[in-house]
Amino acid sequence: MRFYEFEAKELLRRRGVPLPESRLARTAAEAAAAQRDLGGAVVLKSQVLSGGRMKAGGVRFAESADEARDAAEAILALPISGQEPAGVLVEQKGDVAQEYYAAVTWDGRAKRPVIIFSDMGGIDIEEVAETHPEHVSRTHVSTLRPLSDYQAKLAVARTGVTGGDLNRLARIVLQLARAFREHDLTLAEINPIGKLADGGILALDAHMEMEAEARGAHRGLLADLGIADEDTRQARPPTPFEVAGAQVDAQDTRGVAGNVTEFSGSLGLVIGAGGGSLTLFDAVRSAGGDPANYCEVGGNPSVRKTAALTRLIVSKPGVEKIAVMMNVVSNTRVDIMARGVIKGVIDAGFDPAEKIAIFRIPGSWEEEGFAILRRYGVEYVDRSVSMHEAARRAVAKLAAQDGG
Amino acid sequence: MPDGLFIRVDIAESVQSDPDLVRRLLEVCPVDIFDRAEEGGVTTVEANLDECTLCDLCIQAAGDDRVRVVKLYQD
Ligand code: SF4
C-alpha cells in the first residue's frame, strides 16, 4: 500500500526528520494561499501514487501566489499514469548544493532489511548502481535486534561521506530504518535528501509503501493520516478478471483460491502454497514463459472454489494452457486440488489432458490425486521434479504447441 | 441418486426407514452431502458430492453395506 508523498513526509516529520516547510493544497486557491504563507520560491508537486511526476508535468515551480495558482491549476487537471491527483504539495524551494539517496527495503535473498545509501541522489538509483557502484552502499540490518546509530553511520560512511554531513545524514537514515520496521513498510525511500547551500540537510521527496497485509496492525496510524479502510491504494483499479477472482475466493471460507493479478501472457497459472506462488511465477518467467495471471491457492479450498478459479483462468482470452503447480503441500489435499482443476477445465469446455500443461502438487493424499490425474490423462509429476523444472516443462510444452 | 464427476454415494434402501441413521448421516458429513429427501428419508446433494473428503464417517455411522462411497476415477 503506497503512501502519498505528503503522508510519507508526515511519518518522517513525526520522527524528527528535517523537511522543507510545506502545505497540502486541494485547490488552486489553496495553493496560492500556501505560497503566500510560505513566502518566496516554492515547488508544487502533484500528489499521485506513481513515479515520473517531473516528466509528466506534475512538478512545477512558482515565485508568487499567482504563479502558484496557475501551476496548481495545471497540475490538478493533469492525470498521471491514469490517476487524478489527490492534491498539490506546495513546498519551500531551497538552493540545493548536493543530493543524496537513502532507502530501506527488504532483501529477499538475505532475508533481512537492507539500507541503501548513495551520495548521488536525485536520479534513478538503479542507474547509479550500474554506472557508479562505488557510490552506492548496501547495509543489512536485523529484523529483530534494535537498530543502532552505528549501522546508519556505516551505511552513509561507506560512500565516503564524512564529518558533520555524516552525522546529520546518519540521523535521517536511522529514522528511515526505524519507520521501515515499526510501520511494516516494504519500501521507505527519500530521494533526494538535499544539502542546501547554507549547509542544512532536508528530506526533499519521500516514497513509502506499507505491506498490505499489515494494514490491520496499523489501523490507528492510518486513521491518523486520514486513510480510510476502503482506500485500497492499489496502483490501478482491479480488472474485471481480478474482480471475478476475488468473488471466487469469497464464495466460501474454505482455504484460498483467488487473489489473481492479470497479465497478458498465454500460460494460465493455478499456483500456491506458502510463498510458492511467487516462486512459481518467477520460475515461469525465468524459463521464458509468459504468464496470463498470478494467483494464490492454498489452505485446502473447496473443489467448488478451485474449479471456479480454474474456469476463470482457463477461459481468459489468450490462455492456451494452464500449469497447476504448488510447493509440497501438507494442509492442502492433492486429490481435492486435482478434482477442482479438472472440474474447472471440463466446465469451461476443454479436455484436461490437453489444457493442463503440467500438474505438480506433491504432498498429502498425492496417490489419490495422481489416480484422478491418470484417469483424465493429465501429465503430473511428484516432488522429485523441482518447481523450477516443472515450470520449465510447462513453458516448453506451450512453446512446442506454438511451434516455437 | 445423482453422481458427481468424481464421487458417487450409494445409500441402501433400508436407510430410508431408519430416521435415527438419517439424522446421523446428516450430522456426520463435513461437507453436507446428505440431505432430507422431500418424500422422507435421505438423499444426496449433487452439487456437494465432489467435495467428499473420503473421511468415511458416513460409512462408520451406517456400515459399509448400507452406505457406499464410490470413487468414479478408479477402475
Ligand atoms: S466419506 Fe465423509 S465426506 Fe464423504 S460422504 Fe461420507 S461423510 Fe461425507
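Chain letters run A, B, ... following the sequence lines, proteins first, then strands; residues in each count from 1. Computed from heavy atoms alone, side chains included, the values below leave out hydrogens, waters and symmetry copies.
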Novice: Please report the shortest heavy-atom distance between B:E51 and A:R304, naming the atom on each side.
Specialist: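 Scanning both residues, the minimum pair turns out to be OE2-N, 2.7 Å.
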Novice: Which bit of A:R254 is near chain B, if near means a heavy-atom gap under 4.5 Å: side chain, backbone, both or neither?
Specialist: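 For A:R254, the side chain is the part near chain B, not the backbone.
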Novice: How long is the gap from CD1 on A:I342 to CG on B:L5, to the nearest 0.5 Å?
Specialist: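 Atom-to-atom, A:I342:CD1 and B:L5:CG are 8.0 Å apart.
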Novice: Do B:D50 and A:K343 have side-chain heavy atoms sitting under 4.5 Å apart?
Specialist: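 The answer is yes, as the side chains (C-beta and beyond) meet within the 4.5 Å cut-off.
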Novice: Would you check if A:R374 and B:Y73 make a side-chain contact, meaning some heavy-atom pair closer than 4.5 Å?
Specialist: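 In short, these two side chains do not touch, never coming nearer than 4.5 Å.
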Novice: Drop me the distance from B:L54's CG to A:E368's CD, to the nearest 0.5 angstrom.
Specialist: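 Interatomic distance, B:L54 CG to A:E368 CD, rounded to 0.5 Å: 5.5 Å.
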Novice: Yes or no on side-chain contact (heavy atoms from CB on, under 4.5 Å) for B:L72 and A:R375, after CA distance, side-chain angles and deciding distance?
Specialist: CA-CA 9 Å; B:L72 299 171; A:R375 167 78 174 76; over 6 Å; no
Novice: Using non-hydrogen atoms only, which part of A:I372 is less than 4.5 Å away from chain B: side chain, backbone, both, or neither?
Specialist: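 Both backbone and side chain.
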Novice: Within the structure provided, determine whether B:F6 and A:I336 are in side-chain contact (heavy-atom separation under 4.5 Å).
Specialist: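 SC-SC contact between B:F6 and A:I336 ruled out.
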Novice: Which atom pair, heavy atoms only, marks the closest approach of B:T53 to A:W365?
Specialist: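 For B:T53 and A:W365, the tightest heavy-atom pair comes out as O-CH2, 3.9 Å.
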Novice: Please flag which part of A:D335 lies under 4.5 Å from any non-hydrogen atom of chain B: side chain, backbone, both or neither.
Specialist: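 Side chain only.
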